[in-house]
Amino acid sequence: MRTIMKAYISEIAGFVSRDVEIRGWLYNKRSSGKLYFLLVRDGTGTIQVIADKASVGDEMFARCEELTQESSLIAKGTVREERRAPGGYEMVLSELQIVHLSSDYPLTPKEHGVSFLLDRRHLWLRSSRQHAVLSVRSCVEKACRDFLDSRGFMLIDAPILTPAACEGTTTLFQTDYFGSLAYLSQSGQLYMEAAAMAFGKVYCLGPTFRAERSKTRRHLIEFWMLEPEVAFATLDDVTTLGEELVAFVVRSVLEQRRDALETLGRSLEALEQIEIPFPRVTYGDAVDVLKSKGLDIKWGDDFGAVEEAELSKSYDRPVFVRYFPSECKAFYMKSSPDDPRTTLSVDLLAPEGYGEIIGGGQREDSLEVLEEKVKKAGLPREAFEWYLDLRRYGSVEHSGFGLGLERTVAWICGIEHVREAIPFPRMLHRLGP
RNA sequence: UCCUCAGUAGCUCAAUGGGUAGAGCAUCCGGCUGUUAACCGGAGGGUUGUAGGUUCGAGUCCUACCUGAGGAGCCA
């Protein structure tokens with residue numbers, strides 16, 4: 001018996017007229033009398049496998065009949081180009097082995113509700129849309145890392161268990177740490193500031209946790225952030241960095257995951273417009289614009305979902321809003337030298353109403369001013385002594401930002417809710433599977 | 001935490017003004033030689049989220065609770 005080459009479906013075009021073996025799961029099947037059309041997926045793609053009763057024989061044809069949705073199988077056959085087949089290629093079956101017979105697979109090829117699907121997220125991942133979204137996520141993470149690595153940044157992994165709040169304002173998950181309290185990190189930023197003083201240009205990419213009772217399409221309890229931090233960098237430097245990063249990420253997805261975007265029905269034109277430079281407005285100007293549009297907002301208010309959506313609607317690409325009032329931003333933001341009411345801060349709002357995907361700015365580098373800000377924010381000084389040290393031993397101006405991975409993926413994919421942009425979402429009232 | 005909406009078959013939904021609970025998909029049986037969420041015929045499948053109330057009679061009306069979804073605030 002001759003050996004047959006194993007192939008992945010994504011590479012099937014290179015095997016035309018050859019006999020190959022594919023290993024995967026039955027996505028769906030259709031029959032037409034003496035024919036079976038098996039839609040097989042192997043994680044890299046899907047292909048139609050055709051079984052002709054006359055040529056495969058009664059016994060193998062009966063095995064096709066026996067196959068249920070999501071049964072695992074090994075199929076051997078000849079690859080050919082076929083216009084009538086989805087994807088343009090199909091495999092003419094010559095041998096079929098059922099690895100495991102699935103029964104009563106809960107996700108039928110028809111519609112399901114969100115709650116039902118989320119309860120079965122471990123199975124939902126197998127569907128083509130989820131496959132597409134998560135392949136974009138994988139591409140976004142790689143593009144982020146490639147971009148920063150190519151610019152000489154060092155990856156510094158931030159701790160998850162921390163002794164205190166990074167930004168005392170938001171709620172933290174608490175856990176026991178051998179008799180004392182520890183908290184799950186809500187940002188790696190403070191540690192990145194320390195690392196920037198050691199390595200110059202650094203970033204972290206990892207999960208963060210917010211124990212906020214948020215319940216919107218833009219919120220997760222556990223989400224991932226990319227946080228670059230650069231020594232000797234100003235607000236302008238880091239604005240430009242964010243702009244080039246986002247443009248690079250979008251371009252990478254367009255180049256490498258076009259098929260996924262098409263599966264999702266994403267408008268490619270909207271993404272192709274994402275080119276630098278992105279518009280930059282000041283917080284003050286943004287408030288004036290919003291007022292002129294009739295929104296009820298005054299100087300000093302932070303932007304809500306309505307304000308963000310209204311602002312981003314005016315542009316066909318992401319827009320930077322800078323110089324927010326200090327009351328809207330965290331204690332470590334450096335005040336503007338020419339207007340102490342405002343901070344050297346920057347948010348990036350994604351278009352099409354997807355809201356804030358970047359938040360950052362220039363950090364306070366004066367020991368005295370930072371001590372005062374820690375005090376004013378009502379934070380426990382002891383927990384921040386190490387952070388204050390960074391201003392005692394060779395303090396320099398430095399800046400950075402956090403990019404929300406799921407919001408970025410949701411925007412690029414054009415999906416409604418961030419919960420689909422992460423493999424296993426943790427949300428208010430949902431911890432599992 | 002607040003506001004709005006919804007819980008009926010495994011899933012997605014329907015059921016006039018209160019009068020015997022219905023369809024598609026899935027499952028099982030039968031048919032079809034190029035299907036595209038295939039199609040056609042047949043079968044099984046229900047304590048209508050829970051508890052109470054009104055009524056001759058409640059999926060439908062009332063009260064409370066539970067669960068979920070959408071949104072707000074906060075933020076990425």
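FYI, side chains are in, hydrogens and waters are out, and symmetry mates aren't considered; it's all heavy atoms of this structure. In what follows, every chain begins at residue 1, and chains take the letters A, B, ... in the order their sequences are listed.
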What's the gap between [N] and [M] when it is taken at their [atom1] atoms, as a whole Å value?
N	M	atom1	result
B:C11	B:A69	P	15 Å
B:U48	B:A58	P	12 Å
B:G73	B:G10	C1'	38 Å
B:G41	B:C25	P	10 Å
B:C62	B:A76	P	44 Å
B:C61	B:G17	P	10 Å
B:U8	B:A15	P	14 Å
B:G57	B:A64	P	23 Å

>> For a 4.5 angstrom cut-off between non-hydrogen side-chain atoms, does A:Y332 reach A:Q189?
In response: yes
Applying the Watson-Crick and G-U wobble criteria at under 3.5 Å, what pairs with [N]? Answer none if nothing qualifies.
N	value
B:U54	none
B:A23	B:U12
B:G41	B:C29
B:U47	none
B:G70	B:C3

Over 60° means perpendicular and under 30° means parallel, so classify the ring planes of [Y] and [X], tilted if in between.
X	Y	result
A:W386	A:Y191	parallel
A:F248	A:F147	tilted
A:Y387	A:F384	perpendicular

Taking atom types as they are modelled, is there a donor-acceptor pair under 3.5 Å from the base of [N] to the side chain of [X]?
X	N	answer
A:S214	B:C75	no
A:R80	B:G34	yes
A:H219	B:C75	yes
A:R407	B:C75	yes

Counting any heavy atom closer than 4.0 Å, what does [X] reach on the DNA or RNA strands: base, sugar-phosphate only, or nothing?
X	value
A:R430	sugar-phosphate
A:Q48	base
A:E90	base
A:P86	base
A:G304	sugar-phosphate
A:I358	sugar-phosphate
A:L39	nothing
A:K215	base
A:F116	sugar-phosphate
A:A85	base
A:N28	sugar-phosphate
A:S103	nothing
A:E82	base

TODO: Using a strict cut-off of less than 4.0 Å between a Lys/Arg side-chain nitrogen and an Asp/Glu carboxylate oxygen, indicate whether A:R137 and A:E406 qualify as a salt bridge.
DONE: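 Counted as a salt bridge, because a side-chain N and a carboxylate O are separated by less than 4.0 Å.
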Can A:R63 and A:E59 be counted as an ion pair, charged N to O under 4.0 angstrom? yes
Given B:A76, B:G70, B:U35, the nucleotide with the shortest approach to the side chain of A:L220: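 For A:L220, the side-chain atoms sit closest to B:A76.
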Closest approach to the side chain of A:L428, judged atom by atom: which nucleotide of B:U1, B:G10, B:A69 is it?
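Nucleotide nearest to A:L428's side chain: B:U1.
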> Looking at A:W124, does the NZ or CZ of A:R120 lie under 6.0 angstrom from its six-membered ring centre and within 45 degrees of the ring axis?
Replying inline: no
Look at the side-chain N and O atoms of [X] and state whether any lies under 4.0 Å from the OP1 or OP2 oxygen of [N].
X	N	answer
A:R218	B:A72	yes
A:R419	B:G70	yes
A:R213	B:U1	yes

Open item on the list: I'd like to check, for A:F223, whether its ring lies over the base of B:A76 with centroids under 5.5 Å apart and a plane angle smaller than 30°.
Closed with: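 By the stated criterion, A:F223 and B:A76 stack.
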| task | Identify the two heavy atoms, one from A:K291 and one from A:K298, that lie closest to each other, and give their separation to 0.1 Å. | result |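 Minimum heavy-atom contact is CE-CA, 4.2 Å.
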